[in-house]
Amino acid sequence: MPAIKCVGILTSGGDAPGMNAAIRAVTRAAIFNKIRVKGIYRGYKGMITDEIEEFHTQNVSNIIQRGGTILKTARCAEFKTPEGRKQAYDKLKEHGVDSLVVIGGDGSLSGARVFAEEYNLPIVGLPGTIDNDLYGTDVTIGYDTALNTIMECVDKIRDTATSHERLFFIEVMGRDAGFLALNGAIASGAEAAIIPEISLEKDQLAEMIETGFRKSKNSSIVLVAESDVTGGAMGVAERVKKEYPQFDVRVSILGHLQRGGSPTAQDRILATRMGIAAIDALLDGQRNVMIGIQKDEIVNVPFSKAIKNDKPINKDLLRALCISSI
Ligand code: F6P
């Protein structure tokens, strides 16, 4: 197996707080191991459009605390075609890049997997997404920061919900996963969470709302995970308004503010550990794996597992929400 001499780094898909900390760690770990580093801008697109630049340790100074990604990000349709990937590979060769670290979510790692197999290119992925929906890792980079943002927002909404004695449905991101909604609900003391992993029959929803309002509370907050399965906060609120016209219902969609902000200490540390582990994995001859963390230990998860499997919701969290919200 030829030695790794020059690694390219890119961020792809939705940005997540902590991506900069990961870029910094990958760059410095590579330089520490005498491997050259090339920053690739705008995700996979930057390979095709030749936006590739040599990175030194100073390129990543003063970024650990910044949200977003200094490398920019994009969702690239061209890279989904064999022609686009050929152009990308040719550009990498021109720049002497012989391996890649891809930081992103499910879609980004799926692209990495195809590319790695097609060109026999060593690629290691880092799970960078607020959704926390990658199998094989307890948490993803950006998830903790987004969760804290949600908690702060819900705390604020509770002030007005209590004052007006209203029932609020707050929609949070997560694509098709309910981790942000469920843990956001526990952390903010919400009355319930509606998540795609748990199907909620109509009368269950009714019961939840009624008991919620009967609990001598003068307001209720329900977190709803965005998803076609849940119908989103708007969908749920419409149903409730029709059946319970007596409730003063409001909807709040937190949206992209959940993706921004300075990463928490936990995300910075996670990104740093994972970034270093990505270079360790490449040096160790590991190929086509995502770096994960399980019970505070770094693990290498084959792309095939990380992408294909659905990450299960921990039932203990459902119980914690039920008990803590009585
Ligand atoms: O995957 C991260 C995420 O923020 C999801 O939670 C959300 O569904 C999606 O990206 C939004 O994507 P975009 O920024 O392209 O609208």
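Counting starts at 1 for both ligands and their atoms, following the listed order.
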Atoms of ligand 1 under 4.0 Å from any heavy atom of E226, numbered from 1 in the order shown, are 5 (C), 6 (O), 7 (C), 8 (O)

Is Q258 in contact with ligand 1, taking contact as a heavy-atom separation below 4.0 Å? no

- Does E54 come within less than 4.0 Å of R36, counting only side-chain N to carboxylate O? yes

- Flag the pair K38 and E53 as a salt bridge only when some basic side-chain nitrogen lies within less than 4.0 angstrom of an acidic carboxylate oxygen. no

Main-chain N/O of S12 paired with S108 side-chain donor or acceptor, under 3.5 Å
yes

Any idea how F79 and Y44 line up, ring-wise: parallel (<30°), tilted (30 to 60°), or perpendicular (>60°)?
-> parallel

closest protein heavy atom to atom 3 (C) of ligand 1 is R259 NH1, 3.4 Å

Practice item. For the pair K311 and D131, find out whether any cationic side-chain nitrogen is under 4.0 Å from an anionic carboxylate oxygen. Key: no

### Message
Please determine whether any non-hydrogen atom of G105 lies less than 4.0 Å from an atom of ligand 1.
### Response
no

A student checking ligand 1 against R175 at a 4.0 Å heavy-atom cut-off should list atoms 1 (O), 6 (O), 8 (O), 9 (C), 10 (O)

- Where the side chain of E171 meets the backbone of A233, is there a donor-acceptor pair that is under 3.5 Å apart? yes

> Hey, does G174 come in under 3.5 Å of ligand 1, counting only N/O atoms on both sides?
Replying inline: yes

Here the atoms of ligand 1 under 4.0 Å from any heavy atom belonging to H256 are 13 (P), 14 (O), 16 (O)

Of D106, T129, D131, the residue with the heavy atom nearest atom 1 (O) of ligand 1 is D131

Near R75 (heavy-atom distance under 4.0 Å), the atoms of ligand 1 are 10 (O), 12 (O), 13 (P), 14 (O), 15 (O)

Students often mix this up, so state it plainly: with edges at 30° and 60°, are the rings of Y89 and Y119 parallel, tilted or perpendicular?
parallel

